[in-house]
Structures are given as structure tokens and as C-alpha cells.
Amino acid sequence: MSEEINVQETAADQAADNVSQDALENVVTLKKGDTVKGTVVKIDDNQAYVSLGYKYDGVIPLRELSSVSLDNAAEAVQIGQEVEAKIVSINDAKESLVLSKRQADAPRAWDELQAKFDGGEAFEVVVTDVVKGGLVADVGVRGFIPASMVERHFVEDFSSYKGRTIKVKVKEIDRENNKVILSAKDVLEAEYEEKKQQIMSGLEPGQVLEGKVQRLTPFGAFVDIGGIDGLVHVSEMAWQHVAHPADVVSEGQDVKVKVLKVDPSIGKISLSIKAAQPGPWESAVGKFNIGDIVTGVVKRLVSFGAFVEIAPGVEGLVHISQIAHRHIATPYEVLKEGQEVQAKVLDFNPSEKRVSLSIKETEEAPARPEREARAPRAPREETNLPPAESMSFNLGERFGDKLSKFK
């Protein structure tokens with residue numbers, strides 16, 4: 001029995017010696033500059049604790065957790081996560097083992113980023129901070145996304161982007177100067193162009209589609225028609241004249257558009273809002289009747305009359321003879337462009353897009369002055385002149401003898 005106990009004690013002593021030897025070897029092998037692997041076992045606001053299988057845990061300070069600025073350690077690691085870190089300092093007497101995840105990540109990150117840059121690869125990153133001029137992401141090193149490379153369109157406020165996962169490409173890499181520029185816009189542009197070609201292949205002129213106004217410019221509005229944008233030129237916004245697209249639509253508004261032209265070679269889609277709506281003459285049917293008095297605006301003056309708009313896109317002609325009761329040489333004597341006038345509908349023919357109007361018919365004709373009574377003609381005076389025959393006879397007699405001298 002005692003021999004069995006001695007054997008067990010001997011085995012236990014040998015196992016203890018082996019553990020001590022392993023611990024001793026760990027102390028010898030862990031030194032400053034080594035790269036080690038461990039598991040996160042505890043997280044404080046400003047540091048994370050990592051178990052390395054050593055006699056005490058290592059600590060990764062907040063500044064050594066990431067290449068970017070963090071508010072707390074939980075933004076970089078989670079409990080149970082396996083991490084690789086470099087030993088920054090070790091002091092067994094004080095049981096202090098300081099690690100750096102950032103220094104361990106950087107060399108591998110540079111190699112991976114260079115490969116992504118060379119291959120034009122798109123990958124996902126998490127926005128860790130919003131700074132002046134753009135966004136910051138931790139890609140093993142500090143990656144910067146300039147404001148102009150975040151979206152395909154202008155963004156005024158980036159505050160909502162923090163914590164968001166976005167897909168980017170490496171735009172520029174400079175390992176020597178520790179500089180990495182990322183672009184989300186390049187990824188979005190590539191995806192957009194691919195989708196655009198797919199959608200454009202199914203578009204035909206004349207189609208009427210539902211869309212959403214994405215952005216406005218002085219020359220028109222860009223409308224999303226299922227993931228791609230088409231341009232509605234300002235001349236196609238409405239049937240009446242439009243000075244600026246904002247006078248008709250606003251960003252985010254749902255609109256109905258008609259496809260005018262599709263050009264896949266240059267990726268251009270021309271749309272029209274007005275063509276998707278009833279024309280002004282169609283809308284005018286039943287609104288105007290012969291004899292109606294309407295209010296309109298003088299749009300154009302010509303030598304033979306004036307064109308007056310009585311509804312958006314519906315113009316009628318007031319012939320020069322129908323402008324005033326008095327005679328005028330040109331319409332400019334009475335009217336000016338932009339002037340509001342009352343007119344009477346003389347003829348209305350929407351099928352031929354023709355309206356005849358009269359301004360003078362809405363005005364009372366001026367009273368004509370009475371003619372002055374003519375004075376009675378004076379009685380003819382009697383002259384007692386001889387008849388024409390006797391006059392010629394008398395003259396012949398009187399001058400006959402004198403005329404005979406010239407024969």
C-alpha cells in the first residue's frame with residue numbers, strides 16, 4: 001500500500017515539476033517585441049485584458065487597441081475574441097504585461113491593403129469616426145475617406161455615418177508616410193453603372209414610369225427610375241414656362257415621367273414630366289366656351305395682334321382689329337407683354353389648338369359724336385348766259401374776220 005502511495009506522490013511531484021518548468025520557459029520566451037496570441041477575458045473603458053496562458057494577463061491600453069481614436073475599448077474588441085498583439089513591455093515583479101494590438105495588426109494590414117489596391121478589390125469597413133473633411137475607418141491602419149469620396153452625390157452632414165458599415169476600395173496607399181485613402185464612391189459608381197446598363201437595356205421611348213426626384217440643378221431635375229437616374233430638362237418640367245425646376249418639383253417628390261430618349265453608349269436617359277401628363281389643350285376641353293369672358297396674360301406681341309395665355313400652355317390670338325375700338329397701327333400702342341387682360345372667346349377649337357379672342361368685346365364701345373347739321377345750300381344765281389351753241393356762234397362772228405387774216 002505504501003509503495004502505491006509513493007508511486008502516486010512521485011508522479012504528482014513530477015507533474016508539478018513539469019508545470020514549473022513550463023512556467024519558467026514562458027517567462028524566458030516572453031520578451032518585449034514578441035508577437036503573441038490570446039483571448040480577451042475582460043474589457044474596461046480604457047483597456048482590455050488578454051489571457052495568454054501566462055501566469056498573469058496582458059493589458060492592451062485603449063490607444064494600443066486600434067490605429068484610430070476610440071471612445072472605449074469595447075469599440076475594438078469583444079470578450080472571447082482571439083487577438084494577436086505585440087509585447088510592448090513586461091515586468092514580472094509588478095506583474096505588468098503591456099500589449100499592443102495596433103502594432104501587431106499594422107504590418108499584416110499594409111500587405112493586405114496593397115493586395116486589395118493592386119486587385120481593385122472592394123471590401124467592407126466600419127466608420128469609426130467623423131472628422132473634418134471626411135470619415136475614418138480602422139483597416140489595421142488608419143484609413144481616411146474624403147467627403148468627396150463617400151457618396152455619388154453631395155452630403156452636407158456626415159454625423160449619421162459613425163458606426164455604419166460601408167463598402168470601399170483603396171484609392172491611394174503610401175506605406176512610407178502611413179497614408180491610406182479609401183473611396184466608397186468608386187464602389188457605388190461601379191455598382192451604379194452595372195445596374196444602369198441592365199435597366200437601360202429594358203427601356204424604350206414612350207414608356208411612362210414612376211420615379212423620385214433625387215436632386216435639382218438649374219438646368220433640370222435628376223429622377224430615380226428604379227436605381228438609375230434620368231434627366232428631366234427644365235423645358236420638360238411643365239407645359240408652361242419654368243424658370244427653375246424648384247418652382248415645379250422638390251427633392252424626394254414622387255413623379256410620373258415619360259421616357260423620351262435612351263442612349264446606352266453614353267449612359268444618358270432623357271425624361272419628361274410634362275409629356276406624362278395631359279397636354280394643356282386636352283385639359284382645356286370643356287373649360288372654355290364661345291362667349292366666355294376670360295382672364296389672361298399677354299405673352300407675345302406681333303405686328304398682326306397679341307397672343308394671350310388663358311390657361312397654362314393655352315394661348316389665344318387677339319387680332320389687331322380686336323384689341324381696341326379705335327384704329328391702332330400696332331398692338332404696342334395698347335398692350336405690353338406680361339399685362340393681364342380680359343378677353344372674350346370668339347372661337348375655341350382645341351383639336352386644332354386655336355383660340356380666337358377679343359379684348360374690345362369686353363369693353364363698352366365709346367359713343368360716336370353726333371354729326372353737325374349741314375347748312376342749307378345757297379340758291380343758284382341765274383346768270384342768263386346764252387346756251388353753248390350761241391356762245392360759239394357769237395365768238396365766231398366776233399373773231400372770224402380777224403382769224404381770216406392768218407389763213
Determine the minimum heavy-atom distance between Q103 and E64, stating which atoms define it.
NE2-OE1, 3.7 Å
Does a donor on one side chain sit under 3.5 Å from an acceptor on the other, for T39 and E82?
no
Would I228 and Q197 satisfy side-chain contact (heavy atoms from CB on, under 4.5 Å), going step by step from the backbone distance to the final call?
CA-CA 9 Å; I228 64 173; Q197 291 301 319; over 6 Å; no
Please say whether more than 12 non-hydrogen atoms of neighbouring residues, nucleotides or ligands are located less than 6.0 Å from NZ in K353.
no
Is any side-chain heavy atom of I90 closer than 4.5 Å to one of K31?
no
Evaluate I359 against L335 for side-chain contact (heavy atoms from CB on, under 4.5 Å), listing each step before the verdict.
CA-CA 11 Å; I359 294 175; L335 303 173; 3.9 Å; yes
Do I199 and I269 make a side-chain contact, defined as non-hydrogen atoms from C-beta onward lying under 4.5 Å apart?
no
Kindly determine whether F288 and V355 satisfy side-chain contact (heavy atoms from CB on, under 4.5 Å), including the steps that lead there.
CA-CA 10 Å; F288 304 102; V355 180; over 6 Å; no
Report, as yes or no, whether the 6.0 Å neighbourhood of atom CZ on R152 holds more than 12 heavy atoms from other residues, nucleotides or ligands.
yes
Minimum heavy-atom separation for P280 to W239, with atom names?
CD-CD2, 3.1 Å
Greater than 12 external heavy atoms within 6.0 Å of Q81's CD:
yes
Between L216 and S250 the two heavy atoms that sit nearest each other are CD1-CA, 4.3 Å
By side chain to side chain donor-acceptor pair (under 3.5 Å), which residues pair with T35, not counting sequence neighbours?
none
Mind checking ring pair (Phe, Tyr, Trp, His ring centres under 6.0 Å) for F144 and listing every partner two or more places apart, or none if nothing turns up?
none
Tell me, do V98 and I87 make a side-chain contact under 4.5 Å, heavy atoms counted?
no
Nearest non-hydrogen partners of D174 and W110, listed with the distance:
O-CH2, 3.8 Å
Applying side-chain contact (heavy atoms from CB on, under 4.5 Å), run through M149 and D186 and close with a yes or a no.
CA-CA 7 Å; M149 298 183 187; D186 285 0; over 6 Å; no
Can you name the closest pair of heavy atoms from F117 and K171 and give their distance?
CE1-O, 3.5 Å
Nearest non-hydrogen partners of A324 and V334, listed with the distance
CB-CG2, 4.4 Å
Basic-acidic side-chain contact under 4.0 Å: D138, R102
no
